[in-house]
Amino acid sequence: MNIIMFGPPAAGKGTQAKKLVAERGLIQLSTGDMLRAAKKSGSELGKKVAGIMDRGELVSDEIVIALIEEQLDMNPNAKGFIFDGFPRTVAQAEALDALMTKHNSKVDSVVRLCVDDEALVKRITKRFEEEGRKDDNPESFKVRLNAYNTQTAPLLPYYSAQGKLTEVDGMADIAAVSASIAQVLDKNGNGAEISASTPKKGFFARLFGG
Ligand code: ADP
């Protein structure tokens with residue numbers, strides 16, 4: 001089973017992906033984690049992406065697609081993958097479909113974690129104070145949220161047209177979100193409304209006129 005964890009920055013994608021790794025033996029492929037590792041290692045790739053990431057902008061499709069391709073090639077016998085933070089653009093989604101086809105596989109399910117902008121800002125403010133991740137500063141976070149709304153949210157109709165998209169309430173506590181995701185993956189149905197619409201302009205967009 002191959003799953004995409006979908007949602008805005010700080011929606012809890014990584015947290016839920018890690019739980020699925022533990023519970024279902026899937027492999028988590030987080031492009032954010034891969035890029036941060038590259039940055040930390042000081043590699044050429046790391047140097048190239050550092051500024052882009054710190055500002056909250058998206059790294060080029062070419063780079064992240066290559067990272068994913070490498071991981072898919074390296075894990076031919078995986079039970080399945082959880083894509084976390086990928087794809088983030090339509091070009092990435094199309095590339096992923098092509099890569100999965102090449103591996104005689106497919107994306108089975110796209111789980112969208114719905115969290116309103118006001119809650120995202122609160123979470124990220126707290127994380128910035130606690131962990132000091134550079135791109136969690138208010139200015140970069142604004143850029144990240146804008147990238148999500150303009151470049152990533154257009155993937156919602158792409159996946160809903162394929163009948164793969166399910167929405168989960170990401171405002172609930174971690175255990176409750178996990179339970180909702182488990183229901184979706186086990187096909188018990190959770191009555192989620194699946195629409196091809198892009199998110200409404202939320203608190204953050206109104207605040208910054210984005
Ligand atoms: P979050 O989901 O909290 O924003 P991530 O860890 O997924 O954080 O990503 C951190 C940063 O890494 C992004 O802001 C972006 O610069 C870069 N990045 C990660 N994944 C991608 C991707 N699929 N396409 C382009 N850039 C990416």
Side-chain angles (χ1 to χ4, degrees), residues 2-21 28-41 43 45-72 81-100 107 110-117 119-156 158-159 168 170 174 177 199 202 204 210:
N2 300 298
I3 306 158
I4 295 175
M5 293 300 300
F6 198 91
K13 301 185 294 288
T15 303
Q16 295 299 333
K18 285 190 178 65
K19 286 176 83 85
L20 289 172
V21 169
Q28 178 189 9
L29 296 184
S30 162
T31 41
D33 286 351
M34 294 176 210
L35 292 166
R36 271 187 293 279
K39 222 177 122 188
K40 208 171 156 198
S41 75
S43 66
L45 173 66
K47 283 181 205 151
K48 198 166 165 184
V49 299
I52 299 170
M53 290 176 73
D54 290 350
R55 287 193 298 277
E57 294 163 8
L58 291 187
V59 168
S60 77
D61 289 335
E62 199 191 345
I63 289 175
V64 290
I65 291 166
L67 289 173
I68 291 289
E69 179 167 21
E70 187 178 58
Q71 289 298 319
L72 295 179
F81 296 95
I82 309 166
F83 298 96
D84 161 14
F86 180 93
R88 261 175 155 93
T89 64
V90 174
Q92 291 177 24
E94 289 171 350
L96 179 59
D97 279 344
L99 287 173
M100 296 306 274
V107 171
V110 180
V111 177
R112 176 188 182 187
L113 297 180
C114 298
V115 179
D116 67 42
D117 287 0
L120 295 175
V121 173
K122 271 195 196 140
R123 288 182 188 183
I124 227 66
T125 307
K126 187 162 169 263
R127 191 166 82 181
F128 187 50
E129 282 164 9
E130 286 170 2
E131 298 173 22
R133 203 176 112 176
K134 259 190 183 168
D135 62 344
D136 283 345
N137 77 76
E139 198 50 43
S140 298
F141 188 67
K142 186 177 130 184
V143 176
R144 283 160 66 197
L145 207 51
N146 186 49
Y148 173 77
N149 285 320
T150 58
Q151 292 171 270
T152 307
L155 288 181
L156 293 168
Y158 180 87
Y159 287 117
V168 160
I174 291 174
V177 175
F204 208 86

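Every number for a ligand or one of its atoms is a count from 1 in the order of the listing. Numbers here are sequence positions counted from 1. Worth saying up front: this structure is predicted, and the values here are computed from it rather than measured.
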Query raised in the report: Do Leu29 and Leu72 touch side chain to side chain, with heavy atoms closer than 4.5 Å?
Result: yes

Query raised in the report: Would a 4.5 Å heavy-atom cut-off, applied to side chains only, mark Leu96 and Phe81 as touching?
Result: no

Only distances under 3.5 Å count here; give the side-chain donor-acceptor pairs of residues 60-67 to other protein atoms, sequence neighbours excluded, each with its distance to 0.1 Å.
unit_1	atom_1	unit_2	atom_2	d
Ser60	OG	Ile63	N	3.3
Asp61	OD1	Thr89	OG1	2.9
Asp61	OD1	Gln92	NE2	2.9

Report summary line: In short, Phe128 meets Pro138 closest at the heavy-atom pair CE2-CD, 4.3 Å

Query - Distance-minimising heavy-atom pair for Ala38 and Leu45 - result: CB-CD2, 3.9 Å

Requested in this report: Might you list the protein residues in contact with ligand 1, defined as having a heavy atom under 4.0 Å from one of its atoms, sorted by chain and number?
Outcome: Pro9, Ala10, Lys13, Thr31, Gly32, Leu35, Arg36, Met53, Glu57, Leu58, Val59, Val64, Gly85, Phe86, Arg88, Gln92, Arg127, Arg133, Asp135, Arg144

Query - Candidate pair Lys39 and Asp54, rule salt bridge (Lys or Arg N to Asp or Glu O under 4.0 Å), full reasoning - result: CA-CA 10 Å; Lys39 222 177 122 188; Asp54 290 350; 2.6 Å; yes

